[in-house]
Amino acid sequence: MSAPAANIPAANATHLPAASATRANCALYAGIAGLAATVIGLAVSGNVHAVAMSYLVGISYWTTIAIGMLMLVLIHHIFDAGWSVVIRRQFEHGLAAFKWLFVLFLPLVATAFIGGGDTVWPWMNPAHELLHGHGTVATDILYQKKGAFLNVPMFVGATLVFFAVWIWLSARLRKASFAQDTDGSAKWTTMNRKTAAFGIPMNALALTFAAIFWMKSLEYHWFSTMFGVWYFANCIRAALAFGVFIMVWLTARGDYRGILNKNHWHCIGTLGHAFVIFWAYVTFSQYFLIWNANVPEETFWYNLREHGDWYYIGMLILFGHFFVPFLYLLSFRRKSTASGLLPISIWIAGIILVDLCYNILPALKDAHGDPLPFFSLNLLWVAASVIGVGGICVWAYLRSFATSGAKLIPVRDPRITESLTYHE
Amino acid sequence: MSAQPYGLIATFDTAAAIYHAAETVRDAGYKKWDCITPCPVHGLDGAMGVKRSLVPRISLAGGITGFCTGMLMIWWTGAWNYKLIVGGKPLFSPMFAFPISYELTILFTAFATIGGMFLLNNLPMHYHPVLKYDHITRGLDDQFFVVIEAADMKFDAKATRALLEKAGGKNITELEH
């Protein structure tokens, strides 16, 4: 029988702005350093393609987390969920990263207009030579048939639309939720529920087409109807892993003392477990259908990923992205405690980065058309990009956390008492 | 009526009362006893000292059995009993055995869960001595009961009655078998 809302000083207390500001500055400096390292990489590495693709991995990784957080908030509202009210506010702070992700994505959009245009996406340059003397992109029948969709204006326009959708939905959700802290009006809950009703399909379409344009089109001969769903599964898993990080951090700092109980941990752990299975289901289905149908336009994508050390990365994903978290989270004790969830969330957050590398980086080829190995200098640029974009995203989260004026938890949400005393 | 009663039943009016009574009975060291409540009382399992159920272990065993059955079945039919090449694929591969193994994992897990639950709860049970108690239907409506069985090692007609009284139980009644 937990204490009611009024008895929890942390919920109504103002944050420690000084401490958060220092932390935010650290994140900002780390982000700038990482971005600077990426720029240096462009200058010194001698392989602009590799650095640009590594940057695509970095920005995709953090966009994945933000999309997942957006989806979790939307799902929370559409189901009128109770348990997640006390955690939702932290996801709303996380949504502050979208506008910075947009700014950070602009250099990749710019590559379409620099040089031949094929720094990252080969199909952007009609003169791009295909392998083994098969002509150019412009003479490729498989490109010509897809040209109405895969072209630079479509790409630029779609990318702008994706970010517009994410930034706009985030702004609506944040505004309504933060305003409710002040006036406690139920109209904000209604507004968020409506946002969720149209926001879920909008976000689903945006993330699916983002995955298609940004990642799948790197090998435009290839196609898989599972790709968007695979990306969605990673989005939710990444957001849940980072949700656990935030819960652990705020519990350690004392903010969540008396707010979280075992059942909140159990819920986020169970949801994470469900999405382990969902991820495995779609990822296996994609592999299985391609393996079974044996169509060359599809199988080459996996053949590339059995070349060199990518084979072992594929095995790492199979066991590390599915079997390890699946078996680990079967245990009730491990999925219902902070100490049980933290290690597996760190592991999942790391393996999602590997999964994105696996889907993006083999598009980098050597002169023979074989993918460049996973363990190479490119990993350095991936790390620089992940730290660079991540620093900015963490800074955006912490800045929103400290300066948005929103309380630690939505103190006047209609379901706040239900959430605080969840299953107690 | 047999010489030895089935046990003692005590009535409580509120969820809080039965919660604390359960703690008292638990701390007195009783093992064969139970609470009857008209609604779920959060935290009552902790107050009763009930350990985690064994059902998840049985479910896991069922799941593993199902997975292995699927793999073995596909291997046996395709690579042993009637060798047939389909679509240029190997006679056996875990790839095409996976969907059926996955389905059987779920099916056997479900069977094991239901079966394990029935087994551990001694179900089906068509009769229970508390059903003879006149006011037991109130346990579906607005009252809470604690039942301590005479089969418990610590059971003593007087001492147990005194314990239930101390815990705030009312209408303490002997139950027939």
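The figures that follow rest on heavy atoms only: side chains count, while hydrogens, waters and symmetry mates do not. Proteins come first, then strands; the chains are lettered A, B, ... in the order of their sequence lines, and each starts at number 1.
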Does A:Tyr287 have more than 12 heavy atoms from other residues, nucleotides or ligands lying within 6.0 Å of its OH? yes
Please determine whether the number of non-hydrogen atoms from other residues, nucleotides or ligands lying under 6.0 Å from atom NZ of B:Lys166 exceeds 12. no
Could you check, using the six-membered ring where one of them is a Trp, whether B:Tyr102 and A:Tyr281 have ring centers closer than 6.0 angstrom? yes
Inspect the surroundings of OH in B:Tyr127 and state if more than 12 heavy atoms from other residues, nucleotides or ligands are less than 6.0 Å away. yes
Counting neighbours of CG on B:Leu123 that are heavy atoms of other residues, nucleotides or ligands and sit closer than 6.0 Å, is the number greater than 12? yes
Does CE in B:Met125 sit with more than 12 non-hydrogen atoms of other residues, nucleotides or ligands closer than 6.0 Å? yes
So how far is it from A:Ile290 CD1 to B:Met95 CE, rounded to the nearest 0.5 Å? 12.0 Å
How are the rings of A:Trp291 and B:Phe96 set relative to one another: parallel (under 30°), tilted (30 to 60°) or perpendicular (over 60°)? tilted
Toward chain A, the part of B:Ser93 with a non-hydrogen atom under 4.5 Å: side chain
Can you tell me how far the CG atom of A:Asn294 sits from the NZ atom of B:Lys89, to the nearest 0.5 Å? 4.0 Å
Do B:Pro99 and A:Phe288 come close enough that some side-chain heavy atom pair is under 4.5 Å? yes
